[in-house]
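Basis for what follows: all heavy atoms, side chains included, without hydrogens, waters or symmetry-related copies.
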Amino acid sequence: MNRIEQTFSLLKENNRKAFVPYIMAGDGGLECLTERLEMLEQFGATAIEVGVPFSDPVADGPTIQQAGIRALERGTTLRGIITELAKAREIISVPIILMTYLNPIYSYGIDGFVRDIRNAGVDGCIIPDLPIEEEEMITAQLANVQIELIRLVTLTTPLERIKTIASKGNGFLYTVTVKGITGARNEYEGDLNRFLKEVKEVSPIPVLAGFGISNQKQITELSTACDGVIVGSKIIDLFKANNLSEMADLMSVFKKESKMV
Amino acid sequence: MNTYTLPNELGHFGIFGGRFVPETLMKAVNELNDAYEDAKIDANFQSEIKRLLKDYVGRETPLYFAENLTKYAGGAKIYLKREDLNHTGAHKINNAIGQALLAVRMGKKKIVAETGAGQHGVATATVCALLNLDCIVFMGEEDIKRQALNVFRMELLGAKVVSVTSGSATLKDAVNEALRYWVANVDDTHYLLGSVMGPHPFPQMVRDFQSVIGKETKKQFQLSQGKLPDAVIACIGGGSNAMGMFHPFIEDEEVSLFGIEAAGRGVDTEFHAASLTKGKPGVLHGSLMYLLQDQDGQIQEAHSISAGLDYPGVGPEHSYLKDIGRAKYHSITDLEALDAFQLLSKVEGIIPALESAHAIAFAVKLAAELSAAKNLVVCLSGRGDKDVDTVKTILGGKK
């Protein structure tokens, strides 16, 4: 069983919710990646998404775009990130999920990429510009080494398609909670909880909500309707501002010692 | 060549093409595909396009024998397909009309578009004015400076022009922002993409709307010469005028197809836009295609004197035609294009767009190597009024 599956089945047994933070590798320098992963693990992260900077991130809003630009300016490469993650794996025990647009992988070479991230102890991949129609270029290779492809469903995905997408994976389903790009928001439109419950009903795997999540209230609300949350832009902002106490607060309900929401 | 039917139902041309977009857009992309497949076989839709192309755009455009340019080159006969005579001054309107009518058919009231030189933006704003659609155009900050007049034109036509400051602030970044806008407004908005790129069905659909260029050329040439030309030549940024010219000739193997990229300051410098000549396959803006990129897969900036060719990728069908060898791709530098811009103005009294001047420059070189019995057709994709200021500034010191 893959580390992601193990983690989520343990959560379920203990009736707990997941908190998955996203950080941009190389933002603040690749040398601080391991330290940040450790910190997030200590704060109570269930798993950690590690973003790979890309020159043209069409699914991302200004916060992640800027973080990507800062990382690229520091010379961050996919190769360098994989090397650093191999070192981090010695220290970190939570699942690590690499989030990257397709082109850096395509340029790296798909077979070599899968081999190298497996050796580095990566547990999953999110590729936001690889819909199920095109995923066959990488699924067999990932399955061979038990790395999970984490797939996304969105507010625009028809229910039948949600079923199809959810049935393909073993990790968790990433449910995009806004019609739009990544970035912190204070309010959500429409009946998000109902949507999450619908997704939850048809999904055989855990359902996590992501995009636009920035405060405790949203986290609590969304967590009741699904299995946990993914928080990106807000975490990036907090690291940039070096505001670790707010980060700890944001994640506090997820710490193993604390009571669950 | 056997019957050519690409792309397949997944939108693939060999390994190229596809639908590499965020899940939020998949519904819209699939709906667009269904709507287009439906419209394609609807006689009313096709006749409405025909009517507007004739009465509003002024088609068909002439196929003109450029006798003076032919004499200058001293070899093969050069014909010009006069897309510059279209309403709004370029081939872009052929596609804008088709897609805008499709948007109306789909019940979408808003249009978003990207533009580089501004020609596609102007064509889109024009059609939106005609069909009473809201229009928002994303344009790189750099291009807004280079093409101030086109910005004013779009505004005059009722469009909202949004300056894009991210990345290199040119066409590539305008596409990124248009895609982000589409992701957030997908319910009521159609993305009117301006070239044969992006996710399926765009490369196929834009090609089909532009194929009127090649179909007319074929008919006109056959009517006047009783045969097919020996070669057709077109400039390539994303590649829409070239694909429109090439497609009706793909199965006619005796007709050579030449696509001309922008070599900028030279393909061995860092300042060019020759994706097919110097790039390698990769994924950007929804499609697998030849791309200018570094060794880590980061997209590189393209450079050309002509804003319309300033794009680091090239349509997936061109990528495929290059790999199977059916079309040949060459490049022309900024300086060669500038010379051709002046040459055509002087000998034929036709000021070409700087983009089209790349095709002219290559045609003159090719014609010189061939006998007078050979016939070349150049797609003169746009007129040069928009470039007069740029050229004036560059030549300022010299004249």
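- Chain A forms the most heavy-atom pairs under 4.5 Å with one residue out of L291(B), L288(B), L25(B), and that residue is L288(B).
- The contact between L102(A) and chain B is made entirely by side chain atoms (from C-beta outward), counting heavy-atom distances below 4.5 Å.
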**OP:** Report the C-alpha distance between M26(B) and I165(A) in whole Å, list the side-chain angles of each, state the deciding distance to 0.1 Å, and finish with yes or no for side chain to side chain contact (heavy atoms under 4.5 Å, CB included).
**Re:** CA-CA 12 Å; M26(B) 280 307 294; I165(A) 294 174; over 6 Å; no

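- Under the side-chain hydrogen bond (donor to acceptor under 3.5 Å, both in side chains) criterion, E270(B) pairs with no residue, sequence neighbours left out.
- For the pair F54(A) and V283(B), the tightest heavy-atom approach, listed with the atom from each and the gap, is CZ-O, 4.5 Å.
- The most heavy-atom pairs under 4.5 Å with chain B, out of L72(A), I69(A), I127(A), come from L72(A).
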Are there donor-acceptor atom pairs under 3.5 Å between chain B and chain A, and if so which?
unit_1  : atom_1 : unit_2  : atom_2 : d
H12(B)  : NE2    : E134(A) : OE1    : 2.8
H12(B)  : NE2    : E134(A) : OE2    : 3.2
R19(B)  : N      : E134(A) : OE2    : 2.7
E23(B)  : OE1    : R161(A) : NH2    : 3.1
E23(B)  : OE2    : T157(A) : OG1    : 3.1
E23(B)  : OE2    : R161(A) : NE     : 2.8
T24(B)  : O      : T156(A) : OG1    : 2.8
K172(B) : NZ     : D56(A)  : OD1    : 3.1
K172(B) : NZ     : D56(A)  : OD2    : 2.8
N176(B) : ND2    : D56(A)  : OD2    : 2.8
R180(B) : NE     : P57(A)  : O      : 3.4
R180(B) : NE     : D60(A)  : O      : 3.0
R180(B) : NH2    : P57(A)  : O      : 2.7
D187(B) : OD2    : K179(A) : NZ     : 2.9
V283(B) : N      : N103(A) : OD1    : 2.8
Q293(B) : OE1    : N103(A) : ND2    : 2.8
Q295(B) : O      : S107(A) : OG     : 3.4
G297(B) : N      : S107(A) : OG     : 3.3
G297(B) : O      : N103(A) : ND2    : 2.9
Q298(B) : OE1    : S55(A)  : N      : 2.7
Q298(B) : NE2    : P53(A)  : O      : 3.0
I299(B) : N      : S55(A)  : OG     : 2.9

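- Residue with the most contacts toward chain B among P57(A), P158(A), P62(A): P57(A) (heavy-atom pairs, distance under 4.5 Å).
- Neither the backbone nor the side chain of P199(B) comes within less than 4.5 Å of any heavy atom of chain A.
- Chain B forms the most heavy-atom pairs under 4.5 Å with one residue out of P128(A), A59(A), G61(A), and that residue is P128(A).
- Atom NZ of K160(B) has 12 or fewer neighbouring heavy atoms from other residues, nucleotides or ligands inside a 6.0 Å radius.
- Of the two parts of I299(B), the backbone and the side chain both hold a non-hydrogen atom closer than 4.5 Å to a non-hydrogen atom of chain A.
- Heavy atoms of V21(B) lying under 4.5 Å from chain A belong exclusively to its backbone.
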